[in-house]
Amino acid sequence: MSGMQATYLKDYLPPAYRVTHTELTFDLAPSATRVKARLHMERHPDREPDDKETGLPLELAGGELELIRIAIDGQTLEPGEFEVGDGKLTVATVPERFLLDTEVEIDPDANTALEGLYRSNGMFCTQCEPEGFRRITYYPDRPDVMATFSTTVIGDRDSLPVLLSNGNPVEKGELPNNRHFVTWEDPHPKPSYLFALVAGSLEKVEDHYTTMSGRDVLLQIWVEPENLDKTEHAMASLKRSMQWDEETYGREYDLDRFMIVAVNDFNMGAMENKGLNIFNSAAVLTHPQTANDATFQRVEGIVAHEYFHNWSGNRVTCRDWFQLSLKEGFTVFRDQTFSADVNSAAVKRIEDVSFFRTAQFAEDAGPTAHPVRPDHYIEISNFYTLTIYEKGAELVRMLRHLLGWEDFRRGSDLYFERFDGQAVTIEDFVACMAEVSGLDLEQFLRWYSQAGTPEVDAHGEYDYANCEYRLRLSQRTPATPGQTGKLPLHIPVRMGLVGTKSGHDLTLTLDGEKRGKDAVIHLREAEQTFVFTDVEEAPVPSLLRGFSAPVKLRYPYSREELAFLLTHDSDGFNRWDAGQRLTMLALDDLIAAHRNGVEKVMDVRLVEAYRSLLNEPGDDKAVLAEMLTLPSEAYIAEQQPMVDVDAIHAAREFVRQSLAWQLRDDFLAIYRDNLSDEPYAPTPEQIASRRLKNVALAYLMSIEDDEAIGLTQQQLERGANMTDVRAALTLLAHSDRTDLAEPALKAFGEKWAHDPLVMDQWFTIQVTRPQADVLDRVRFLMGHPLFSMKNPNKVRALIGAFAQNRVNFHRLDGEGYKLLADVVIELNRLNPEIAARIITPLTRWQRFDEQRQALMKAELERIRAEKLSPNVYEMVERALADA
Ligand code: TRP
Ligand code: ZN
């Protein structure tokens, strides 16, 4: 089957024909939309013909299309003159330059894959990245074909009053049969994956932005009428993003209008279509009463991400999909820095790194591990991964540190200037960075082609007699599927030496050169020793500050040393990390005790460390809240050689409850100190305060403290904002007090039944409970009238969230796995992209005990026996490759 064949990076060839201009006409109807395309085509100058005599055949991608007509230079082709099949249309011989006309019919209502043109709540919308445009019309649907677009949208005047596409509206008018049309022109050449169309009964909120060169840009957010009051934060975030990109990267917006549309059915968070970003409603709509702080921050970050793509992705795009991280890694780096700049930078880094070390490390350790630039794929949609996005961002961050901000900015300017309007590669980007800085980045490029998480082992030795500190670093990257024999990487290790007497960073002298108190050393060999001289006192090393490279760093710290760093490290990130390491040591002991059936004993050093955190809280509440947050079960699991879900859960609960018992009054004081009557605002200060308050409350609720129960109920009833309400409801719902949980859930469900995004939260809260009856509840909720397998948000809120409920998903009777496999099989038919994402937890079977391994593999085999989409096929084959 052709859909199952792999595509290889090494086989890249420029396209045979390019499109200089694309004219589209959509005549919209729910189950029979007509699409006329007129493509201005010509031979691509870079592509040699295979055969001088016959030239090159014209091949256009297309799927789920019913061809009505095809003509070249006005001549309709007869059946023998072209071939349709196998996802493409082929014409054996065409002129050097020609006009291609096609007309196809498509069925938006039957499109449950949500790729191409589909309907969501009666609204027409599109999703074309990566290969959705071929479900709209026959086209050279690859990112290195860039054309200007002119799009006419025709629709019913009453049901589709709003007709949108990329660029600027240039013409509109009335048509017979109560229809109307709008023509849009996008003057910027773009690949087909950035095409967008929206039609529906939408309303808008408008604003304006004046760019740095003084141009006025019209900003619009289009939503269904009931959501008009949920757009304020996204609009403010958009304006902040536009200003930030001007100030930070010198990048200005390039069209007269910028539109955002919210849709309910969407496979991912949002899409950066030129001038017409389409957002999952969950990634754009907020209101203090319906969205919590985390959602406000997520919306801000995604709005920024999509906006930033206008330069990193749209003006300069990817030559082929192997280069996906060129736009995604860079853009994630840009949105992370933006969020750090407008919020608490330390907390942003802590959040990003703890997510990265939990989820991306797990991807690297599993059967779907792949390099930031993969060398082959079966289904490119499967590669919108944490490795491409988040690890890609870490690589850009390393470049930024290697070059320093000023050179990095010069490299970025050069990249945008040199490649504007082009489709380029990761090497092109890195070459700009090398050129402006004079750095040799050859070894650095290995980061893009080598998969897996490097492990760095560090050992330090202080020589009192000579006042020398010797730091030995060694690196090793474990084998990943299809890739053994890894080479050493260029790893920047930011570090300091903290004097044990003074408690301060010591001056670092390396090879006779004074390097300040915080320096970057470069590990390039498999093993290297760094000798620091003039070290006046015995130090504790603070390594990999700010997580300066995406590696696992091991150093045999004692608990005393970690407690020391927790209070004395000048790097906020590493202070937090020392706390995490200290907690992990205690957890390791408790996990072992649980497994051996020995009584669990709480480490007093951990209690004392927490006590001093609570008593000398410092002035950064946001960082304190992070410090008080225990590593998640998923993170703990990532640290274990073999995952024992029950022992991890029990050990973590034991730590939580022990801390709550011993520090009860401190937690209570924190809670009370952070109560506030201020009206809700998503400011960093307020967010930190609420977070700290709710972290404290969670500790107290873990021991079912009577006073805490009262406070939680009050907080829920007061209903000040969704952050507090959701935190309180979650604590009650996850407690063993079903007498409190059930009425609270019921009241919430009734109050918010009209709001799908709030109901998503209601589903999630219920299926993430630790109680053993959760599986039945998942099954029950799958029959709830508001649940739908066709809506990705609902699938994620219920099924995706359940799969994160570790103790229940990994039940020993295998019922959790079976439920997920049933869902994958159903989604495989409806929405392959979502099916291939939701299956992920099952693919990680290698990490568990034999009994669970067997159960998980059996479910994967059951899925494999189905008639599979390329998406699910690729995931299952990889998961079972070495079973
Ligand atoms: N380019 C989008 C982003 O990162 C990602 C995206 C949105 C996407 N929708 C998609 C990727 C559908 C694959 C399929 O912002
Ligand atoms: Zn992106």
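Predicted model only: the values in this text are computed from it and were never measured. Counting starts at 1 for both ligands and their atoms, following the listed order.
- Here the N, O or S atom of H309 that is nearest to the Zn ion (ligand 2) is NE2.
- Side-chain contact of N343 with E300: a donor-acceptor pair under 3.5 Å is present, judged by distance alone.
- Just one residue in the list V396, L399, L395 forms a side-chain contact (heavy atoms from CB on, under 4.5 Å) with F330, and that residue is V396.
- For the ring-ring contact (aromatic ring centres under 6.0 Å, His included) test, residues two or more places apart in sequence or in another chain that qualify with F322 are Y377.
- Of all the N, O or S atoms in E328, the one closest to the Zn ion (ligand 2) is OE1.
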Atom pairs, nitrogen or oxygen, ligand 1 to protein, under 3.5 angstrom:
residue: ligand 1; atom: 1 (N); partner: E129; partner atom: OE1; Å: 2.5
residue: ligand 1; atom: 1 (N); partner: E272; partner atom: OE1; Å: 2.7
residue: ligand 1; atom: 1 (N); partner: E272; partner atom: OE2; Å: 3.4
residue: ligand 1; atom: 1 (N); partner: K327; partner atom: NZ; Å: 3.4
residue: ligand 1; atom: 1 (N); partner: E328; partner atom: OE2; Å: 3.1
residue: ligand 1; atom: 4 (O); partner: H305; partner atom: NE2; Å: 3.4
residue: ligand 1; atom: 4 (O); partner: E328; partner atom: OE1; Å: 3.1
residue: ligand 1; atom: 4 (O); partner: E328; partner atom: OE2; Å: 3.2
residue: ligand 1; atom: 4 (O); partner: Y389; partner atom: OH; Å: 2.5
residue: ligand 1; atom: 9 (N); partner: Q127; partner atom: NE2; Å: 3.3
residue: ligand 1; atom: 15 (O); partner: A270; partner atom: O; Å: 3.3
residue: ligand 1; atom: 15 (O); partner: H305; partner atom: NE2; Å: 3.4
residue: ligand 1; atom: 15 (O); partner: E306; partner atom: OE1; Å: 2.9
residue: ligand 1; atom: 15 (O); partner: E306; partner atom: OE2; Å: 2.7

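- Side chains of D254 and N310: a donor on one and an acceptor on the other come within 3.5 Å.
- Under the 4.0 Å criterion applied to side-chain N and carboxylate O atoms, D413 and R251 are assigned as salt-bridge partners.
- Every residue two or more places apart in sequence or in another chain that forms a salt bridge (Lys or Arg N to Asp or Glu O under 4.0 Å) with E427 is listed here: R373.
- Listed by chain and residue number, R119 satisfy the salt bridge (Lys or Arg N to Asp or Glu O under 4.0 Å) test with D109 (two or more places apart in sequence, or in another chain).
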